[in-house]
Number of protein chains: 4
Amino acid sequence: MTDSMTTRPPGRPRSERAEKAIVDATLELLAEETGVAGVSIEAVATRAGVGKTTIYRRWPNKEALIVGALATAKAPVPPPVGASAREDLLMVARALAAGRRGPHGRCFHSLLGSAEKYPELFARYRQDVIEPRREMMRAALRLGIERGELRPDLDLDVTLAMLIGAFGMPASQEALPPDYPERVVDALLRGIAL
Amino acid sequence: MTDSMTTRPPGRPRSERAEKAIVDATLELLAEETGVAGVSIEAVATRAGVGKTTIYRRWPNKEALIVGALATAKAPVPPPVGASAREDLLMVARALAAGRRGPHGRCFHSLLGSAEKYPELFARYRQDVIEPRREMMRAALRLGIERGELRPDLDLDVTLAMLIGAFGMPASQEALPPDYPERVVDALLRGIAL
Amino acid sequence: MTDSMTTRPPGRPRSERAEKAIVDATLELLAEETGVAGVSIEAVATRAGVGKTTIYRRWPNKEALIVGALATAKAPVPPPVGASAREDLLMVARALAAGRRGPHGRCFHSLLGSAEKYPELFARYRQDVIEPRREMMRAALRLGIERGELRPDLDLDVTLAMLIGAFGMPASQEALPPDYPERVVDALLRGIAL
Amino acid sequence: MTDSMTTRPPGRPRSERAEKAIVDATLELLAEETGVAGVSIEAVATRAGVGKTTIYRRWPNKEALIVGALATAKAPVPPPVGASAREDLLMVARALAAGRRGPHGRCFHSLLGSAEKYPELFARYRQDVIEPRREMMRAALRLGIERGELRPDLDLDVTLAMLIGAFGMPASQEALPPDYPERVVDALLRGIAL
DNA sequence: CTTTAATCGAGACGGTACGTCTGGTCTTTAA
DNA sequence: TTAAAGACCAGACGTACCGTCTCGATTAAAG
């Protein structure tokens, strides 16, 4: 019953508008520029229409800002509910193909490049953003096994790695052909041995 | 007159020691630091024990230096000569697993992160370093088809992407289990459908 | 009808405690820190235990605050009651020499420097602080004329300017020799022409 | 051996062009803007087309830059060659009255205000700019004594202080009446005692 | 006793400028 | 001609204050 938990601190409360604008600007720059090094506090402040002080009041330095912004950006992951394992996997594959161009895709490579210098930054990104997506895909594979559509002795981690990797690696630049997701899912399902 | 081709240019000859030190320092920094942006001419000069001028006399700018350094580092690609398609693919897979930790593995992610800002740098890296390796793997797959060990309707590009991607994506940091290459090759060969 | 001039405006009246604390803190900082530059509104607010708003409600900016604080501190001006004109002028000269080191003397030049930016502030400082002192000195001169000790055709303004200026200009830093006031008064009285 | 003193230090020499551009930009801003407060290092750098580093390499801070720029601008001091002591003093007085409005006059009080914070800077300004002028005036007084026009027991320093101070103090703002120089010189010559 | 209105403290806001640092390029002298 | 040193322009860094703007809490007078 004590109101201690709802007690406001004195002074003007921090602006949520400003906070959101800062986070958004950070993510945009992270996606547009060359990795973490390409994000400058001054650019963030300008784009967010915010004073530098307002950023430094919340995060002590650039690294902390980026970590915070990425943690905020974790989108909710939709569950797999297709009619068949192939359907589910195709949905996943199409999402991966689409994501290559979105802000996350851009951020991802930037962060990969910066991972060595800012390890905890990347670790946190993986935990908050990557893992939930992987878990969703894992769920799709498990569902396929339960339905009797996929091998019960399936190597989940490896399958996941191949599925995701097929979209991350091949070039990182040029557009994928529209049937690429199908081709990946089919190759994955059938195998390549005669 | 016969020595016209061996005529030394006037003045002090360029130091080969300096050149090698510069290239080595560049590759080290590329592996250690945050992508291309983390490699600064000043850092290279300091680490190589060389004046900045000495670098700029040889390469016109940072980008050219990095391209040149990487081109120097491209190792010769061994041909596939295993007893079977599985053997060949395993060799490839093991090479990929091993390469993850080497300087190339480190450089690769750095370059991926910087690809957007320095497109021709990445294009050249792909042409000089990546493509030869991919071509070698493609050859292994073609050999398997000829031998009747792999499906003739194999989707080469997708298979390659899955194979390579399986080693590039999963984590980018932690060590892979020692049997990971086998697991990847087996999953690839068998497929996952029941 | 009679209370119309004493009618209080609605709302909470301004705190005299706060006003005094602000003025005191300002004068303390002026004395402790590096002149006007060392006085910041934020420091004043902190030391006075007062919100910045409470300061800005009373003075429009930093210079106004300092001027106001100094105006508050204006000491009462003693009347000239010496036995002779020379005595009176000497007293004045000694007061000027002594004042060079006090808080007013320390701030005077800074205020002069700010005068360009905030003319009416300086005007007010002159009216409230400088002019009364000048008037006192003028009175001393007039008394001397009445007594027949000084020329009746004396140029009051110029004499005043020379007397005061002799203490303001010469160096602004180093201590004056102890007999300086006498020398000034004597030179002023005698003139320099042979 | 003669060139031992002219041995250049290694490295690129400092650009005289840059130095001049900086000083010019500073003086321009001083004249255009609101005194010293209107001069910012960043504005100077922009107007001079120069990096901030190039400024800070030469002057440690803003005040030093302004002092230095003014010192550069010191006009040559004309010698006293009037027909009489009164003529010489009048010339000096008129120069003082005129100088009140020039860039030096406008900055002088601001610099006095900064003197507390950067004593050696002001010392240098005094040495380079003020002292030569004082010396010139002293010479005029000595010449008057030699000619038998001024008292031989004249108190030079005090006379100088009164003369100069009469123009610095009285108001710092409003224009002086045109006959002010005459009045000052006459009061100085005659003295005020009956 | 309640309303109303201006005050209080605290502190966040968008800015400007500071003085420092690092980066890629240019310009010297000495070897 | 080369190596080394160091200056050049540019611009981000993190800090300090500026003068303004909310807040919730307070203090009187008026209803």
Could you tell me which non-hydrogen atom of [X] sits nearest to which non-hydrogen atom of [Y], and how far apart they are?
X       : Y       : value
C:Pro60 : C:Ala64 : CD-CB, 3.5 Å
A:Val44 : A:Ala25 : O-CB, 3.9 Å
A:Arg47 : A:Leu29 : NH2-CD2, 3.7 Å

**OP:** Sugar-phosphate means primed atoms, P, OP1 and OP2; the rest is base. With that split, encode nucleotides 24-31 of chain F 5' to 3' as B, S or - using protein heavy atoms under 4.0 Å.
**Re:** S-BBSS--
Rounded distance in Å - [atom1] ([X]) to [atom2] ([N]):
X       : N      : atom1 : atom2 : answer
D:Glu42 : F:dA12 : CD    : P     : 11 Å
C:Lys20 : E:dC8  : NZ    : P     : 16 Å
B:Glu19 : F:dT2  : CD    : C1'   : 13 Å
C:Arg57 : E:dT7  : CZ    : P     : 5 Å
B:Ile22 : F:dA4  : CD1   : C1'   : 13 Å

Subject >> Side-chain heavy-atom pair A:Leu70, A:Leu30 within 4.5 angstrom cut-off >> reply: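 In contact.
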Subject >> B:Trp59 side chain near B:Val23 side chain, heavy-atom distance below 4.5 Å >> reply: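 Yes. Closest side-chain heavy atoms under 4.5 Å.
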Less than 3.5 Å apart, which donor and acceptor atoms pair up between the side chains of residues 48-56 of chain A and the rest of the protein, not counting sequence neighbours?
from: A:Lys52; atom 1: NZ; to: A:Glu42; atom 2: OE2; distance (Å): 2.8

Original post:
Using a heavy-atom distance cut-off of less than 4.0 Å, which residues of residues 58-66 of chain D contact DNA chain E?
Top reply: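 Hits under 4.0 Å, by residue number: D:Asn61, D:Lys62.
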In chain order, what residues pass the side chain to side chain contact (heavy atoms under 4.5 Å, CB included) check against [X], with sequence neighbours excluded?
X       : result
A:Arg14 : A:Arg57, A:Arg58
B:Thr46 : none
D:Asp24 : D:Lys20, D:Glu28

Original post:
For DNA chain F, what residues of residues 48-56 of chain D have any heavy atom nearer than 4.0 Å?
Top reply: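 D:Gly49, D:Val50, D:Gly51, D:Lys52, D:Thr53, D:Thr54, in order of number.
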Original post:
To the nearest 0.5 Å, how far apart are CD in C:Glu63 and CD1 in C:Ile66?
Top reply: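 Nearest 0.5 Å value for the CD-CD1 distance: 6.0 Å.
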**OP:** For F:dG6, take OP1 and OP2 only and decide whether either is under 4.0 Å from a side-chain N or O of D:Arg14.
**Re:**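 So the side-chain polar atoms of D:Arg14 never come under 4.0 Å of the phosphate oxygens OP1 or OP2 of F:dG6.
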Original post:
Mapping D:Ser15 and A:Ser40 to their closest nucleotides on DNA chain F, which lands nearer the 5' end?
Top reply: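 So the residue in question is D:Ser15.
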